[in-house]
Amino acid sequence: MAIERGNFSTRIGFILAAAGSAVGLGNIWKFPFEVGEGGGAAFVVMYLAFCFILCFPVLVAEIAIGRKTQKNAVGAFAALGFKNWSVIGYLGLVSGVLILSFYNVVAAWAFGYFVEMVTGNFGIGNEFGEFTSDWITVGLYSIIFMSATAFIVAKGVSGGIERAAKILMPTLFVMILCLIVYALTLPNAFDGVKFYLVPDFSKITGDVVYSALGQAFFSLSLGMGALITYGSYVSKNDNIVKSAAQITLVDVGVAVLAGFMIFPLVFSQGIQTDGGPGLIFVTLPGVFESLGSMLGVVVGSLFFLLLSFAALTSTISLLEVPTAYMVDEHKIKRSKATWIVALIIFAAGVPSMLSYGAVESLGQFVKLPGIENPLPFLDFVGLIANDTFLPLGGFLISVFTAYIWKKENFNAELASGDSSIKGSWLQTYVDIAISYICPVILGIIFLVTVLDNFLGIKILSLILG
Ligand code: PHE
């Protein structure tokens, strides 16, 4: 019996869903604090360059593999005739499960903060530690968030994923614009804009370049087959190079806009920009409080609702990867597959959830040779999945596309939707990048991560000083 896989019903639906996967906590939570730590605009410029030079070609490759085979991340490699290369898909499944396991916890914090803002509890910023250690409350929000994700994924590709993206993405966009316009009217807002737009090149070190690379890759949801999976639902008539370019533009666009929203807010209170991961959860509630109780509730709730929406379209894509695998390869009905996988991933996320205050030993889970302080479990999973597995997956996908599947076949798939792409400069660039630039850079990122963090060999500072 053939199981109905589903399809995106429109091109714009696909773009919004894929951009929804890309736009997430990475853009709105991680990007601004990395900018804050990495010299403002200098970091932004590098991030933009990496998204287009390095990530865009991998994005095209993933979509092409998916669309050609109409299969999930594991099945796709076998369908092309290279069963051994399914390891890339399995690696992607593991990465997806690990990422979602802790991503859902951070999403739950964001959603919890939305509720706190609605009730006007601005003091929560000073109690971030107490909030995250209250495992019953965070557990409840995690269950709500994972259930919302599963509910949408269970409804299928066009009826669930595409429909949610069509509602959430435009709403998110309008919310960001409203918040930017408002933030720019605050006192000292333009100091924030200046910090954001005037580069401080002295802050650029090997580490900052490396984090900009990693951030670009994570931000576009690459290296784990999310885009192979979404690509498998794309119409044969679409021009996937154009779609990939649009997805990249939306993703970097939202990251850049997030900066215009956050830095004016932060500077309006004269607060330090290098607040690290706490920039949003610790710093911003205080900023919202200063707006007065009425306005603070509106702006604060809007902000954390926006963050939750951004996270939701990403958790949907993370859950879709293992779900599609179960549906295609194990012939399990979509709704059943979705809820089983969601339950497993929720359980896998419990140690991460407990590692921010509830259980001390999980809060100082491992001491790695290359990292000064012991890492909480959540950060450790992030290091393995985001920083190590994703670049490895991206490296393998590039090598596979260029040298195993072969460029002729890759290019034929690109041209099948729109033959005008054949011989264009864009296609020439994608060819060169996927054969040389992507494997080399992604291979280096992977090696640096392993040497630096796990073995304590500070290779970047050895080479670059
Ligand atoms: N791109 C998402 C973000 O920026 C995270 C993500 C990574 C989602 C990998 C899916 C797959 O938050």
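Numbering starts at 1 and runs along the sequence shown. Each ligand, and each atom within it, is numbered from 1 in the order the structure gives.
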Original post:
Just by distance, with hydrogens left out, do Asp251 and Ser219 show a side-chain donor and acceptor under 3.5 Å apart?
Top reply: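 Yes, side-chain donor-acceptor contact under 3.5 Å.
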Please tabulate, for the side chains in residues 379-386, all donor-acceptor contacts under 3.5 angstrom to protein atoms that are two or more places apart in sequence or on a different chain.
from   : atom 1 : to     : atom 2 : distance (Å)
Asp379 : OD1    : Tyr356 : OH     : 2.8
Asp379 : OD2    : Tyr356 : OH     : 3.4

Original post:
When the aromatic ring centroids of Phe303 and Tyr113 are compared, is their separation below 6.0 Å?
Top reply: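 No, too far apart.
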Original post:
Would Phe260 and Tyr196 count as a close aromatic pair, with their ring centres under 6.0 Å?
Top reply: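 That pair passes the under 6.0 Å test.
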Original post:
If you measure from the Lys or Arg side-chain nitrogens to the Asp or Glu carboxylate oxygens, is any gap between Lys155 and Glu162 under 4.0 Å?
Top reply: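 Answer for the salt bridge query: no.
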For ligand 1, run through the N/O pairs with the protein that fall under 3.5 Å and put one pair on each line.
from     : atom 1 : to     : atom 2 : distance (Å)
ligand 1 : 1 (N)  : Ser21  : O      : 3.2
ligand 1 : 1 (N)  : Ala22  : O      : 3.0
ligand 1 : 1 (N)  : Phe218 : O      : 3.0
ligand 1 : 1 (N)  : Ser219 : O      : 3.1
ligand 1 : 1 (N)  : Ser221 : OG     : 3.0
ligand 1 : 4 (O)  : Ala22  : O      : 2.9
ligand 1 : 4 (O)  : Gly26  : N      : 3.4
ligand 1 : 4 (O)  : Asn27  : OD1    : 3.3
ligand 1 : 12 (O) : Leu25  : N      : 3.1
ligand 1 : 12 (O) : Gly26  : N      : 2.8
ligand 1 : 12 (O) : Tyr103 : OH     : 2.5

Original post:
What orientation do Phe14 and Phe8 show, parallel under 30°, tilted 30 to 60°, or perpendicular over 60°?
Top reply: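 Phe14 and Phe8: tilted rings.
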